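Beneath this line is the structure, given in structure tokens, with notes to follow.
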Amino acid sequence: MFFWKSVMVAERAAAMVALAALSAMVDSHAEHASVEPRYLLNMVCYNELTVLGDLDVDGKFSPAEWHEMFRRLDSKHKDWRISSEEFRLGCPNCDFVVFMHGGKKGKKPENTEIDGTTPRISVYQWQDIMQNADDNGDFLLDQEEMEAAGLEPFGKQS
């Protein structure tokens, strides 16, 4: 009888330690959630791209994260080109035509690729989109730069 009581006490103690650890993890995530600019109201395209590729959760896209987004969007054909179908699967609230033209601020991507049948965004054009949208030249694309480039359909530039 004594043995079973000590086992039950040990199990309860282990459960309490596990709950305390889980509670600390939840509290830690809750603290950071209010600080992180992860999801923004009326920035649906930015929010979708954040889910796709903001790996360090800082609200800015580095060239490596931008490339990871491309890789994830190129999901169906895996041909280093994003078709409108692939784009809409990954980012249904982003405007494919706007990305094809490099945004609405007039900087046309240098590496456009139109084969006469299906418009697609090549990996080079995808890199040009980021480079043209990065106004301050810090190699990080943030929400304000995306909005200024006209890549956000519900942004101020739309």
Side-chain angles (χ1 to χ4, degrees), residues 19-158:
L19 282 173
L22 180 62
S23 177
M25 285 175 39
V26 168
D27 290 343
S28 171
H29 287 295
E31 282 178 22
H32 295 300
S34 63
V35 176
E36 295 171 358
R38 182 113 172 135
Y39 304 110
L40 300 171
L41 188 63
N42 293 329
M43 298 301 291
V44 291
C45 184
Y46 170 79
N47 292 341
E48 288 174 350
L49 291 172
T50 300
V51 170
L52 266 177
D54 190 16
L55 303 176
D56 58 2
V57 194
D58 64 348
K60 298 178 181 180
F61 308 129
S62 69
E65 291 171 331
W66 195 253
H67 178 73
E68 180 63 21
M69 284 181 227
F70 180 88
R71 195 185 64 72
R72 289 180 179 178
L73 286 170
D74 186 22
S75 59
K76 191 169 184 175
H77 307 293
K78 301 227 181 254
D79 58 356
W80 292 100
R81 294 180 206 99
I82 303 171
S83 67
S84 60
E85 176 186 16
E86 290 171 322
F87 192 82
R88 287 188 189 106
L89 282 173
C91 298
N93 291 310
C94 296
D95 190 348
F96 178 75
V97 174
V98 171
F99 272 78
M100 268 294 292
H101 296 295
K104 294 181 180 175
K105 68 177 184 180
K107 289 185 179 178
K108 188 96 167 141
E110 297 171 19
N111 299 297
T112 58
E113 180 178 316
I114 299 174
D115 61 3
T117 56
T118 306
R120 297 176 295 191
I121 299 174
S122 72
V123 67
Y124 302 110
Q125 187 175 355
W126 186 255
Q127 292 167 351
D128 285 348
I129 292 167
M130 181 184 184
Q131 184 178 1
N132 290 342
D134 184 20
D135 282 337
N136 58 7
D138 64 350
F139 299 103
L140 294 172
L141 189 60
D142 59 18
Q143 173 263 325
E144 290 87 12
E145 290 172 326
M146 279 193 63
E147 190 173 8
L151 298 173
E152 180 60 53
F154 298 110
K156 295 174 189 169
Q157 299 290 324
S158 298

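A quick note: this is a predicted structure, and the numbers were derived from the prediction, not measured.
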Report task. Over all heavy atoms of both residues, which pair between A148 and D135 is shortest? Give the atoms and the distance, please. Result -> CB-OD2, 4.1 Å
Query raised in the report: Can any side-chain N or O of E48 pair as donor or acceptor with the backbone N or O of N93 at less than 3.5 Å?
Result: yes
**Report entry** Main-chain N/O of G59 paired to Y46 side chain as donor or acceptor, under 3.5 Å
**Finding:** yes
Query raised in the report: Should L141 and E65 count as side-chain neighbours, where that means a heavy-atom distance under 4.5 Å?
Result: no
Query raised in the report: Are K60 and D58 close enough for a salt bridge, meaning some N to O gap below 4.0 Å?
Result: no
Query raised in the report: Is there a side-chain contact between P153 and V98 (heavy atoms, below 4.5 Å)?
Result: no
Report summary line: Distance col, row I129:CD1 vs H101:NE2, nearest 0.5 angstrom, shows 10.5 Å
Query raised in the report: Can you tell me how far CG of N132 sits from CG of L151, rounded to the nearest 0.5 angstrom?
Result: 9.5 Å
Report task. Please step through side chain to side chain contact (heavy atoms under 4.5 Å, CB included) for the pair M69 and R72, ending with a clear verdict. Result -> CA-CA 5 Å; M69 284 181 227; R72 289 180 179 178; 5.9 Å; no
Query raised in the report: Between the main-chain N or O of H77 and the side-chain N or O of E86, is there a donor-acceptor pair closer than 3.5 Å?
Result: yes
**Report entry** Closest contact, heavy atoms only, L73 versus C91
**Finding:** CD2-SG, 3.9 Å
Report task. Run the ring-centre check on Y124 versus F70 and record whether the distance is less than 6.0 Å. Result -> no
**Report entry** Closest heavy-atom pair and its distance - D138, D134
**Finding:** OD1-OD1, 3.0 Å
Report task. Can you see which heavy atom on L140 is nearest to which on E145, and at what distance? Result -> O-OE1, 2.8 Å
Query raised in the report: How about L49 and D54: do any of their side-chain heavy atoms sit closer than 4.5 Å?
Result: no
Query - Side-chain heavy atoms of W80 within contact of W126, under 4.5 Å - result: no
**Report entry** Heavy-atom closest pair, residues R120 and F96
**Finding:** CA-CZ, 4.2 Å
Query raised in the report: So do the side chains of M146 and C45 get within less than 4.5 Å of each other, counting heavy atoms only?
Result: yes
Query raised in the report: Donor-acceptor pair, E147 side chain versus E152 backbone, under 3.5 Å?
Result: no
Query raised in the report: Within a strict 4.5 Å, meaning less than it, do heavy atoms of the H67 and V123 side chains meet?
Result: yes
Report summary line: Separation between CG (L55) and CZ (F61), nearest 0.5 Å, reads 10.0 Å
Query raised in the report: Do I121 and M100 come close enough that some side-chain heavy atom pair is under 4.5 Å?
Result: yes
Query raised in the report: Does any non-hydrogen side-chain atom of T50 lie less than 4.5 Å from one of L52?
Result: no
